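FYI, side chains are in, hydrogens and waters are out, and symmetry mates aren't considered; it's all heavy atoms of this structure. Note that the structure is a prediction, hence the values are computed from the model and not measured. Below, read A as the first sequence line, B as the second, and so on, with proteins coming before strands; counting in each chain starts at 1.
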Amino acid sequence: MAEKKKFQAIKGTRDLLPPDTELWNRVEQTAREVFGTFGFGEIRPPIFEPTELFARSIGMDTDVVGKEMYSFEDRDETSVSLRPEATASVCRAYIEHGMHAWPQPVKLYYTGPMFRRERPQKGRYRQFYQIGAEVLEMVPPNQDPAKNIGKDAAVDAEVIEMVMAFFARSGLEGVELAINSIGDRQCRPKYVELLRAELMKVKDKLGPDSQRRILTNPLRVLDSKLESEQGIIAGLPRISDHLCANCAAQYAELKRQLGMRGVPYAENWRLVRGLDYYMRTTFEITARGLGSQNAVCGGGRYDGLVELLGGPPTKGIGFAIGEDRLILSLEEAGKGGAALGRDVFVAWMGEQAQGAAILAAQKLRASGFRVELPPVEQKFGKALGQADKLGARYALILGDDEIRTGQWTVKTLASGEQAKMSEAEFLEMSRKGKRLSS
RNA sequence: GUGGGAGUAGCUCAGCUGGUAGAGCGUCGGUCUGUGGCACCGAAUGUCGCGGGUUCAAUCCCCGUCUCCCACCCCA
């Protein structure tokens, strides 16, 4: 009975606390503002969905679906899963709410927690946070796909431009964008077969992981970090040499579009994406200070995914930012949040002063100031000490003298200067100070 | 899922070859009953991650387990 169980956050999950949460809010606010300027609206899908939705969209054979999902049986015996990512949900919502009848394209962003049961390490958690955006556009019937290659490339470029703008505004350092095209349903399978054949020839020189991937996912071999395999990989056929005409044209136009927008990029022919639904444009953004998990954003085009989920033919492009990693990198660069300060600390003494202090705090808070009002009377020495510790800008001193004269004593903590003034004068002064400090 | 490292006060850590715990910072109080940052004094908080074993005796040695960190896998 007397046993006390110590509870702690589940493996791979964590509490985000002040002052860190200040930075999280700042980052999310920046995303809202930047994405808003590009015409994106926010979508808030559920945290869990039918398991089938993720299995169909992400791919049964991917690790994410195969062994990392938090799935459980609901009481009606259907299988549901905590979302491992949000693109599938956004596509589901697009279909469910008939967004094909909205003005096209539909541009949405989201922020929130995702769940994958992986072994935690730096920049990787079982509950992690993503900031993502998707552009979905219905394909009108009888449309010649070749006709819209330029348009798709421009949309892709704008989406990438938007993430880069967001990172710039966030103050992220060491940002590098890598792009690639992984072809479409026409040319990719052919390339994969070619690659597989080439890999079979050098199978003996590859490590066990890569040997296994020859069969399961040859593209992933390109991703290998093994020093011993680098020479072999460098000699493998590149997909850029095997793209079909449409894919090649789209990729070329993407690069031209990025150039027009002043977005610096590097081509990386070895950049392949892990989720099944990607095609053509893929990209990845890395940043400084992240250990081995240095990808802070990944994205790509996924035409056909909505259709796969039972919707109308629809094109899609999107990305997901790893918010935990973004925050990590910002903190590493010394851009973490400072402790929550106070604009005003109300130091009061005397019963009459308490009433005045409460009213003063109400007015100051109504004007948007951060106010600390001690619940009990304190000696002024102690009150000022506390004001200092909390990082207050001003101490409002209210005692018998102030009550008698109706003049507030205002002390500027940083300089030690002190002055008597009326309530209106103080509000005016602190407003100016606030503008200057922010 | 695999491999390596680590768990001692709220935080950062010390604790020689086994003899049941300490520092700094922080917190709170005092010196200081209308004036803070400094200084000095004092206080509180630990079943030394948890369970078992060896031993007269375990924070220390052994086994198991949990968690964290790092890497692999994979991904954001």
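Contact annotation for A:Tyr125: base contact, defined as any heavy-atom pair under 4.0 Å involving a base atom. Counting any heavy atom pair closer than 4.0 Å across all strands shown, A:Ala414 reaches a base atom. Nucleic acid contact for A:Gly132: none, since no nucleic acid atom lies under 4.0 Å from a heavy atom of the residue. Contact annotation for A:Ala387: no contact, since no heavy-atom pair falls under 4.0 Å across all strands. Note on A:Glu402: a base of the nucleic acid sits closer than 4.0 angstrom, heavy atoms only. Counting any heavy atom pair closer than 4.0 Å across all strands shown, A:Gln418 reaches a base atom. Counting any heavy atom pair closer than 4.0 Å across all strands shown, A:Gly350 reaches no nucleic acid atom. Note on A:Ile131: nothing from the nucleic acid sits closer than 4.0 angstrom, heavy atoms only. A:Gly381 comes within 4.0 angstrom of the backbone, heavy atoms only, and of no base.
For the pair A:Arg213 and B:C74, the criterion of a side-chain N or O lying under 4.0 Å from OP1 or OP2 is met. Residue A:Lys11 places at least one side-chain N or O under 4.0 Å from the OP1 or OP2 atom of B:U67. Taking side-chain N and O atoms only, A:Gln8 has no distance below 4.0 Å to OP1 or OP2 of B:U67. An OP1 or OP2 oxygen of B:G37 is reached within less than 4.0 angstrom by no side-chain nitrogen or oxygen of A:Lys411.
With both ends at atom P, the span from B:U55 to B:C62 equals 16 Å, rounded to whole Å. Between the P atoms of B:U20 and B:C60, the separation comes to 13 Å (whole Å). Using P as the reference atom, B:A6 and B:A39 are 37 Å apart when rounded to the nearest Å. B:C73 sits 16 Å from B:U2 when the P atoms are compared, rounded to a whole Å. One P atom belongs to B:C69, the other to B:G64, and the distance between them is 23 Å to the nearest Å. To the nearest whole angstrom, the two P atoms, one in B:G42 and one in B:C25, are 14 Å apart. Look at the P atom in both B:G3 and B:C63: the space between them is 15 Å, to the nearest Å. Comparing B:C61 with B:U17, their C1' atoms are spaced 12 Å from each other, to the whole Å.
Between the C1' atom of B:A76 and the CG atom of A:Leu290 lies a distance of 10 Å, rounded to the nearest Å. Separating the CZ atom of A:Phe345 from the C1' atom of B:G37 is a distance of 14 Å, rounded to the nearest angstrom. Atom CZ of A:Phe166 and atom P of B:A76 are 16 Å apart (whole Å). The CD-P distance, from A:Glu85 to B:C74, rounds to 18 Å in whole Å. With rounding to whole Å, A:Gln378 atom CD is found 12 Å from B:G36 atom C1'. Nucleotide B:A76 holds its C1' atom 13 Å from the CD atom of A:Glu134, rounded to whole Å. B:C75 atom C1' lies 16 Å from atom CG of A:Leu219, rounded to whole Å. Note: CZ (A:Arg119) to P (B:A76) measures 21 Å, nearest angstrom.
Taking the nucleotide of RNA chain B with the nearest heavy atom to each of A:Gly385 and A:Gln121, the more 5' of the two is matched to A:Gly385. Nearer the 5' end of RNA chain B, as judged by each residue's closest nucleotide, is the contact made by A:Gly416, out of A:Glu284 and A:Gly416.
Ion pairing between a basic and an acidic side chain is recognised when a charged N comes within 4.0 Å of a carboxylate O; A:Lys255 and A:Glu267 show such pairing. Remark: A:Arg126 does not engage A:Glu68 in a salt bridge, criterion side-chain N to carboxylate O under 4.0 Å. A:Lys201 has a carboxylate O that lies under 4.0 Å from a charged side-chain N of A:Glu198, or vice versa, which qualifies the two as a salt bridge. Under the 4.0 Å criterion applied to side-chain N and carboxylate O atoms, A:Arg92 and A:Glu49 are assigned as salt-bridge partners. Using a 4.0 Å cut-off between charged nitrogen and carboxylate oxygen, A:Arg280 and A:Asp184 count as a salt-bridge pair. Classification of A:Arg124 and A:Glu118 as a salt-bridged pair holds, one side-chain N sitting under 4.0 Å from a carboxylate O.
The aromatic ring centres of A:Phe166 and A:Phe35 sit less than 6.0 Å apart.
Contact of A:Arg124 with B:C74 (side chain to base): a donor-acceptor pair of N or O atoms is detected under 3.5 Å. Applying the 3.5 Å distance criterion, the base of B:C75 shares a donor-acceptor pair with the side chain of A:Arg325. Residue-to-nucleotide contacts include no donor-acceptor pair under 3.5 Å from the side chain of A:Lys379 to the base of B:U33.
Here the nucleotide nearest the side chain of A:Lys389, chosen from B:G1, B:C28, B:G36, is B:C28. Of the candidate nucleotides B:G34, B:A76, B:G36, B:G34 has the atom lying nearest to any side-chain atom of A:Met349. Nearest to the side-chain atoms of A:Asp63 among the listed nucleotides B:G1, B:G36, B:C73 stands B:C73.
For A:Phe48, the CZ atom counts as loosely surrounded, since its 6.0 Å shell holds 12 or fewer non-hydrogen atoms of other residues, nucleotides or ligands. For CZ of A:Arg14, the number of neighbouring non-hydrogen atoms (other residues, nucleotides, ligands) closer than 6.0 Å is greater than 12.
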| note | Its dot-bracket string being built from Watson-Crick and G-U pairs below 3.5 Å, with | for another strand and [ ] for crossing, RNA chain B has the pattern (((((((..((((........)))).(((((.......))))).....(((((.......))))))))))))....
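Within the cation-pi definition used here (under 6.0 Å to the ring centroid, within 45° of the axis), A:Lys107 does not qualify as a partner of A:Tyr109.
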